[in-house]
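Just below is one structure, and these are the notes that go with it.
Below, chains carry the letters A, B, ... as their sequence lines are ordered, and counting in each starts from 1. Values reported hereafter were calculated over all heavy atoms of this structure, with side chains retained and with hydrogens, waters and symmetry mates removed.
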Number of protein chains: 2
Amino acid sequence: MSTSPAPRMTKQRAAIMDVLSKSEEFRSAQAWHDTLRHDGSSVGLATVYRSLQSLAEAGQVDAVVTDSGETLYRRCGAEDTHHHHLRCRSCGAAHDIEVPEFERWAEQLGVKLGFTGIDHTVEITGICRDCAAQGR
Amino acid sequence: MSTSPAPRMTKQRAAIMDVLSKSEEFRSAQAWHDTLRHDGSSVGLATVYRSLQSLAEAGQVDAVVTDSGETLYRRCGAEDTHHHHLRCRSCGAAHDIEVPEFERWAEQLGVKLGFTGIDHTVEITGICRDCAAQGR
DNA sequence: CGCTTAATTGACAATGATTATCAATAAAGC
DNA sequence: GCTTTATTGATAATCATTGTCAATTAAGCG
């Protein structure tokens with residue numbers, strides 16, 4: 001794991017983290033930029049992109065790519081969200097993932113078949129890009 | 001459901017469906033375009049985009065959007081009747097169930113994150129009606 | 001088999017999100 | 001306070017994808 005140097009706390013970065021903290025919605029970098037301007041602080045668009053990107057890498061914000069290719073960000077919803085993992089069978093590296101429809105689907109299936117107290121286990125495994133590249 | 005008119009079978013569309021059928025890899029529209037040119041048939045790039053798009057809408061090909069925003073396509077896998085179980089934690093009675101979207105979803109997630117050889121485990125448990133009625 | 005017609009094609013321009021550039025600015029540490 | 005160096009921001013550049021529009025051609029019909 002590469003230990004990247006701690007990022008400087010600039011007023012722009014602070015402003016970005018501040019607006020992020022005020023909403024848990026997923027918004028595009030450009031939308032966050034607009035929000036910032038409405039709030040008075042004028043942070044450059046490029047800076048918003050860079051900050052959201054680095055925050056996402058640091059795991060401070062969640063990022064998803066829409067079907068149209070736009071990347072949306074929101075403050076990281078702490079630990080409360082139930083999630084699963086996609087784990088590499090070779091090196092063990094794991095990604096946290098969410099299975100959007102699944103929870104509800106399982107619940108409904110249970111009701112349909114007369115089951116209550118539905119619980120589930122979902123494990124997804126594969127070989128990550130790095131391991132595949134090294135033939136492991 | 002809107003009944004869209006059946007698309008014409010042009011030689012370009014045929015060529016595209018042909019290369020698609022020869023590989024089960026996920027590739028970008030541009031990559032498929034290159035493949036086509038290598039194979040001799042010169043189909044316009046815009047046409048490749050349009051065809052892949054309509055094929056994807058028609059469910060004939062799978063499409064995934066990568067983290068970088070590129071859309072990848074491959075011929076639709078349509079086959080395996082892999083299934084899972086909903087099991088009662090009390091009496092062990094099990095129902096065979098199918099999780100329609102899941103298989104493909106897991107596969108696409110893998111591609112997006114650079115994983116190959118995706119496999120998964122899905123276990124759903126609950127308390128069946130009989131056991132619930134008897135307070136078990 | 002020819003004809004008509006509307007869908008399709010392709011070369012290229014346009015879009016739109018994101019990234020790179022680079023001089024100016026300002027954290028952090030001393 | 002001063003120096004160093006990451007960060008910023010305005011703007012140009014990139015790159016996948018979509019729109020444009022005249023030319024082409026599949027399909028249905030007689």
Write down the distance between [atom1] ([X]) and [atom2] ([N]), rounded to a whole number of angstrom.
X     : N      : atom1 : atom2 : answer
B/L52 : C/dT9  : CG    : P     : 12 Å
B/R50 : C/dG10 : CZ    : C1'   : 7 Å
A/R8  : C/dG29 : CZ    : P     : 9 Å
B/E70 : C/dT18 : CD    : C1'   : 14 Å
B/W32 : D/dA16 : CH2   : C1'   : 18 Å
A/L36 : D/dT8  : CG    : P     : 12 Å
B/I16 : C/dT8  : CD1   : P     : 12 Å
A/Q53 : D/dT7  : CD    : C1'   : 14 Å

Can you check whether [X] has a side-chain N or O nearer than 4.0 Å to OP1 or OP2 of [N]?
X     : N      : value
A/S68 : C/dA17 : no
B/Q12 : C/dG10 : yes
B/Y49 : D/dT17 : yes
B/T10 : D/dA26 : no
B/T71 : D/dT17 : yes

How would you label the contact of A/S54 with the nucleic acid (heavy atoms, under 4.0 Å): base, sugar-phosphate, or nothing?
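Since no nucleic acid heavy atom lies under 4.0 Å of A/S54, the category is nothing.
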
Please report the shortest heavy-atom distance between [X] and [Y], naming the atom on each side.
X     : Y      : answer
A/S23 : A/W32  : CB-CH2, 4.2 Å
B/I97 : A/W105 : CD1-CH2, 4.3 Å
B/L52 : B/V61  : O-CG2, 3.8 Å
A/R13 : A/R8   : CD-O, 3.4 Å

Bracket string, DNA chain D, 5' to 3' - pairs by Watson-Crick or G-U geometry under 3.5 Å, | interstrand
||||||||||||||||||||||||||||||

I'd like to know whether B/V64 forms a side-chain contact (heavy atoms from CB on, under 4.5 Å) with B/L109, so could you lay out the CA-CA distance, the side-chain angles of the two residues, the decisive distance to 0.1 Å, and finally the verdict.
CA-CA 8 Å; B/V64 297; B/L109 176 74; over 6 Å; no

Could you check whether any side-chain N or O of A/R89 sits under 3.5 Å from a backbone N or O of B/G117, counting only pairs where one atom can act as donor and the other as acceptor?
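Checked: pair present.
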
Nearest of [options] to any side-chain atom of [X]?
X     : options               : value
B/A29 : C/dT18, D/dT8, D/dT17 : D/dT17
B/A46 : C/dT18, D/dG9, D/dG19 : D/dG19
A/K11 : C/dA27, C/dT18, C/dT9 : C/dA27

Would you check, one step at a time, whether the test side-chain contact (heavy atoms from CB on, under 4.5 Å) holds for B/H33 with B/R27?
CA-CA 10 Å; B/H33 179 245; B/R27 291 184 198 163; over 6 Å; no

